[in-house]
Amino acid sequence: MEFNGESILITGGSGGMGVSMARRFAGSGARVALCDLDGGAVEKAAAELVGEGLDVIGVAADTTDESSMAEAVAAVIQRFGALNGLVTAAGIRQTAQSFLDLDLDYWKKIQEVNVTGTFIAIRAAAPALIESVGSIVTVASVTATAARMNQSAYCTSKAAVLSLTKQVALELSPQRVRVNALCPGVTATPMIEQAVRTDGPNLLKEKVEGSLEQFRPGIPLGRLATADEQAAATEFLLSARASFITGTAVYVDGGVSMLG
Ligand SMILES: NC(=O)c1ccc[n+]([C@@H]2O[C@H](COP(=O)([O-])OP(=O)(O)OC[C@H]3O[C@@H](n4cnc5c(N)ncnc54)[C@H](O)[C@@H]3O)[C@@H](O)[C@H]2O)c1
């Protein structure tokens, strides 16, 4: 039981990756708090995992709101007694659109959720993580270091998440709090299912309506990632097995990043 009663907070907790991460961490002995916007959805996600015999709670919170995140962290500490890990998986996608046409408020919204929300969540959890000498994993993307057609707001936001990760890792290294970024490639979650539904024809040359198959070309390992594969890498980064790893990015992308 790798985590042996340690508590881990996951933002974006009722999303595809969040739930898979919770299942893995709790299966390894962690007490997990899922945090997400919709109280009903996060309670439902937590209840399902509790039904599997796992120690999971749901907390409604908005990562873009400082007081909401402060309350969420306080609730988790009150329930579990400490906070040992944070995963910032909350994020939103961008509808495929040229930067020339992108509405400025839409641009700002994506930066607010993906970048500022990550910053707020880290800052809210930092005092408790310093106290526990805990660990943080941010969720950036393979697009943090590569351009994608018609994804200027999303790619820029994920590049900022990667930069923030290194910055926070440096500033928390005297306290021995490790901070790393997960850089997923295309992963079968509701976020991608929605992208296929709304952007399919624009996002990729090949139109395979309603099918995740359209993401396969260009992935050296020839398939999408599963959410559990992202969870496995995140579990490693959070755990003592990664005790000398900080300020870096782990790409779980089937080899996409090696293509440049
Ligand atoms: N799925 C992919 O292919 C992929 C690839 C690379 C990176 N990512 C990143 O991985 C992370 C998880 O994505 P996913 O695929 O599980 O998507 P998802 O849409 O299933 O989950 C994202 C969750 O974040 C929550 N969220 C959004 N704004 C929030 C806010 N302000 N406060 C709290 N919660 C909020 C949503 O409600 C949702 O439950 C995201 O940051 C995403 O950008 C996903």
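Worth saying up front: this structure is predicted, and the values here are computed from it rather than measured. Along the sequence shown, the residues carry numbers beginning at 1. Atoms within a ligand are numbered from 1 in the order they appear, just like the ligands themselves. What's counted below: heavy atoms across the whole structure, side chains too, no hydrogens, waters or symmetry copies.
- From the protein, the heavy atom lying nearest to atom 6 (C) of ligand 1 is Pro184 O, 3.4 Å.
- Atom CD of Glu52 has more than 12 neighbouring heavy atoms from other residues, nucleotides or ligands inside a 6.0 Å radius.
- Around OH of Tyr106, the count of heavy atoms belonging to other residues, nucleotides or ligands within 6.0 Å exceeds 12.
- Side-chain polar atoms of Glu235 and Ser28 form a donor-acceptor pair below 3.5 angstrom.
- When every heavy atom of Ala159 is checked against every heavy atom of Ala144, the shortest pair comes out as CB-O, 3.3 Å.
- At least one side-chain heavy atom of Leu49 sits under 4.5 Å from a side-chain heavy atom of Arg23.
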Set out, in order, the CA-CA distance, both residues' side-chain angles and the distance that settles side chain to side chain contact (heavy atoms under 4.5 Å, CB included) for Val139 and Val87, then state yes or no. CA-CA 7 Å; Val139 181; Val87 180; 4.1 Å; yes

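- Residues forming a side chain to side chain donor-acceptor pair (under 3.5 Å) with Arg241 (at least two apart in sequence, or on another chain): Glu2.
- By the 4.0 Å heavy-atom criterion, Gly117 is excluded from the residues contacting ligand 1.
- The protein atom (non-hydrogen) at minimum distance from atom 21 (O) of ligand 1 is Gly15 CA, 3.3 Å.
- Atom 22 (C) of ligand 1 has as its closest protein heavy atom Gly91 O, 3.8 Å.
- Atoms of ligand 1 found under 4.0 Å from any heavy atom of Tyr154, numbered from 1 in the order shown, are 6 (C), 7 (C), 8 (N), 9 (C), 42 (C), 43 (O).
- Checking Cys35, Ala90, Gly16 against atom 35 (C) of ligand 1, the nearest heavy atom belongs to Ala90.
- Linking Ile, Leu, Val, Met, Phe, Trp and Tyr whenever their side-chain heavy atoms come within less than 4.5 Å puts Leu129 and Leu9 in one cluster.
- Of the protein's heavy atoms, Thr189 OG1, 3.6 Å lies nearest to atom 14 (P) of ligand 1.
- Among protein heavy atoms, atom 10 (O) of ligand 1 sits closest to Val139 CG1, 3.2 Å.
- Closest to atom 3 (O) of ligand 1, if we only count protein heavy atoms, is Thr187 N, 2.8 Å.
- Set against the non-hydrogen atoms of Val186, the atoms of ligand 1 under 4.0 Å away are 3 (O).
- Taking 4.0 Å as the cut-off, Gly185 counts as a neighbour of ligand 1 on heavy-atom distance.
- For atom 37 (O) of ligand 1, the candidate residues are Val113, Leu37, Asp36; the nearest heavy-atom contact is made by Asp36.
- Of the options Ala89, Ala61, Gly18, Ala188, the smallest heavy-atom separation from atom 33 (C) of ligand 1 is shown by Ala61.
- Counting heavy atoms under 4.0 Å from ligand 1, residue Ala140 touches it through the backbone alone.
- Of the protein's non-hydrogen atoms, the one nearest atom 30 (C) of ligand 1 is Thr63 OG1, 3.3 Å.
- Listed by number with element, the atoms of ligand 1 under 4.0 angstrom from any heavy atom of Pro190 are 20 (O).
- Within the 4.0 Å heavy-atom cutoff, Gln230 does not count among the residues contacting ligand 1.
- Scanning the protein heavy atoms around atom 31 (N) of ligand 1, the nearest turns out to be Asp62 OD1, 2.9 Å.
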Evaluation steps, side chain to side chain contact (heavy atoms under 4.5 Å, CB included), between Ile57 and Phe80: CA-CA 10 Å; Ile57 61 167; Phe80 294 149; 3.9 Å; yes

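- Environment of CD in Glu131: sparse, with no more than 12 heavy atoms of neighbouring residues, nucleotides or ligands closer than 6.0 Å.
- For Ala74, the side-chain contact (heavy atoms from CB on, under 4.5 Å) test picks out no residue, with sequence neighbours left out.
- Distances from atom 41 (O) of ligand 1 to the heavy atoms of Lys158, Met17, Met191 put Lys158 nearest.
- Interface atoms of ligand 1 facing Ser141, defined by a heavy-atom separation under 4.0 Å, are 6 (C), 7 (C).
- The CG atom of Leu238 lies 12.0 Å from the CZ atom of Arg24; values are rounded to the nearest 0.5 Å.
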